[in-house]
Amino acid sequence: QVQLVESGGGLVQPGGSLRLSCTASGTIVGIGTWAWHRQAPGKQREMVAYIFSSGNPRYADSVKGRFAISRDNAKNTVFLQMDSLKPEDTAVYSCSAAVKRRSGGSYDDYWGQGTQVTVSS
């Protein structure tokens with residue numbers, strides 16, 4: 001099977017920075033699109049950013065200019081650099097990936113458990 005594990009969450013003051021990581025392990029032939037999502041209390045889950053196999057990134061309007069997504073294919077890892085953090089960024093952040101487990105097989109979606117990010121003074 002495939003497992004995704006996030007790390008790097010925590011408590012930070014407004015204006016501060018955090019860098020999240022997510023690493024996939026298990027039987028992996030290749031990974032297509034990686035994505036970061038977040039869910040704040042009382043709100044629906046929101047896609048924050050995603051990055052294609054080519055390395056081309058996309059962002060939600062709410063984080064453009066402040067967050068940056070990147071990937072390390074050799075390590076099956078995706079990152080989310082978060083700068084100029086605001087209280088409204090407080091949420092559980094989860095990663096997802098489209099994973100190919102067999103040659104000639106299809107891509108299946110996998111999700112991590114999530115990591116808490118709290119922005120507060």
Side-chain angles (χ1 to χ4, degrees):
Q1 198 60 273
V2 174
Q3 298 83 41
L4 273 58
V5 179
E6 302 96 338
S7 63
L11 175 64
V12 65
Q13 293 184 332
S17 298
L18 283 174
R19 187 169 112 131
L20 306 183
S21 300
C22 176
T23 298
S25 61
T27 303
I28 301 171
V29 173
I31 298 177
T33 301
W34 279 102
W36 284 100
H37 318 257
R38 68 186 182 186
Q39 187 163 28
K43 293 188 175 181
Q44 293 186 347
R45 182 174 56 81
E46 171 190 26
M47 183 177 289
V48 173
Y50 54 96
I51 184 167
F52 298 112
S53 299
S54 63
N56 195 12
R58 296 288 187 274
Y59 302 97
D61 289 341
S62 58
V63 307
K64 283 180 181 175
R66 301 188 298 119
F67 291 11
I69 188 171
S70 60
R71 62 191 290 165
D72 185 335
N73 292 330
K75 296 181 178 179
N76 291 328
T77 298
V78 67
F79 304 94
L80 186 67
Q81 178 67 44
M82 305 186 295
D83 298 326
S84 302
L85 283 162
K86 306 174 180 180
E88 50 263 45
D89 294 319
T90 296
V92 174
Y93 285 72
S94 301
C95 61
S96 68
V99 180
K100 192 176 186 178
R101 299 174 62 238
R102 298 286 187 273
S103 296
S106 62
Y107 285 86
D108 299 311
D109 292 331
Y110 291 87
W111 287 72
Q113 186 72 22
T115 185
Q116 177 70 47
V117 171
T118 302
V119 185
S120 177
S121 59

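Just so you know, these numbers use all the heavy atoms, side chains as well, and skip hydrogens, waters and symmetry mates.
Not a single side-chain hydrogen bond (donor to acceptor under 3.5 Å, both in side chains) links Ser53 to another residue, sequence neighbours left out. In terms of the side-chain hydrogen bond (donor to acceptor under 3.5 Å, both in side chains) criterion, Ser84 has no residue partners (sequence neighbours excluded). Judged as a side-chain contact (heavy atoms from CB on, under 4.5 Å), and not counting sequence neighbours, the contacts of Gln3 are Gln1, Ser25.
Taking CZ of Phe79 as the start and CH2 of Trp36 as the end, the distance is 9.5 Å to the nearest 0.5 Å. If you take OG1 on Thr27 and CZ on Arg101, they are separated by 6.0 Å, rounding to the nearest 0.5 Å. To the nearest 0.5 Å, atom NE2 of residue His37 and atom CD of residue Gln44 are 14.5 Å apart. Thr115 contributes atom OG1, which lies 11.5 Å from atom CG of Leu80 (distance to the nearest 0.5 angstrom). The CD1 atom of Ile51 sits 7.0 Å away from atom OH of Tyr59, with the distance rounded to the nearest 0.5 Å. The distance from the CD1 atom of Ile69 to the CD atom of Gln81 is 12.0 Å, given to the nearest 0.5 Å.
No single ILVMFWY cluster, assembled from side-chain heavy atoms under 4.5 Å apart, contains both Trp111 and Val78. Hydrophobic clustering of Ile, Leu, Val, Met, Phe, Trp and Tyr side chains at less than 4.5 Å, counting indirect connections, keeps Leu11 apart from Val92. Follow the hydrophobic side-chain contacts under 4.5 Å out from Leu4 and you never reach Tyr107; the two are in separate clusters.
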Report task. Could you give me the CA-CA distance, side-chain angles and deciding distance for Arg71 and Ile31, then say whether side-chain contact (heavy atoms from CB on, under 4.5 Å) is met? Result -> CA-CA 10 Å; Arg71 62 191 290 165; Ile31 298 177; 4.0 Å; yes
Requested in this report: For side-chain contact (heavy atoms from CB on, under 4.5 Å), just list the numbers for Met82 and Asp89, CA-CA rounded to whole Å, side-chain angles, deciding distance to a tenth of an Å, and then say yes or no.
Outcome: CA-CA 10 Å; Met82 305 186 295; Asp89 294 319; over 6 Å; no
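Taking each heavy atom of Leu85 and Arg66 in turn, the nearest pair found is CA-NH1, 3.9 Å. Counting all heavy atoms, side chain and backbone alike, Asn76 lies closest to Trp34 at O-CZ2, 3.4 Å. Residue Arg45 comes nearest to Gln39 through the heavy atom pair N-NE2, 3.8 Å, listed as atom of the first residue, atom of the second, then distance. Heavy-atom minimum distance, Val12 versus Gly16: CG2-CA, 3.8 Å. Smallest separation of non-hydrogen atoms from Ser94 and Gly114: OG-CA, 3.5 Å. Summarising the geometry of Gln116 relative to Thr90, their closest heavy-atom pair is NE2-CG2, 4.0 Å, with the distance given to 0.1 Å.
No side-chain heavy atom of Asp108 sits less than 4.5 Å from a side-chain heavy atom of Val2.
No donor-acceptor pair under 3.5 Å is formed between the side chain of Glu6 and the backbone N or O of Leu20.
Listed by first then second residue, pairs satisfying salt bridge (Lys or Arg N to Asp or Glu O under 4.0 Å) with a partner in residues 49-62 read Asp61-Lys64, not counting sequence neighbours. Residue pairs meeting the side-chain hydrogen bond (donor to acceptor under 3.5 Å, both in side chains) criterion with at least one partner in residues 8-21, sequence neighbours excluded, are Ser17-Asp83.
Between the side chains of Thr23 and Thr77, a donor-acceptor pair is found at a separation under 3.5 Å. Remark: the Glu46 side chain and the Ser62 side chain contain an N/O donor-acceptor pair separated by less than 3.5 Å.
Chaining together hydrophobic side chains whose heavy atoms lie under 4.5 Å apart places Phe52 alongside Met47, Tyr50.
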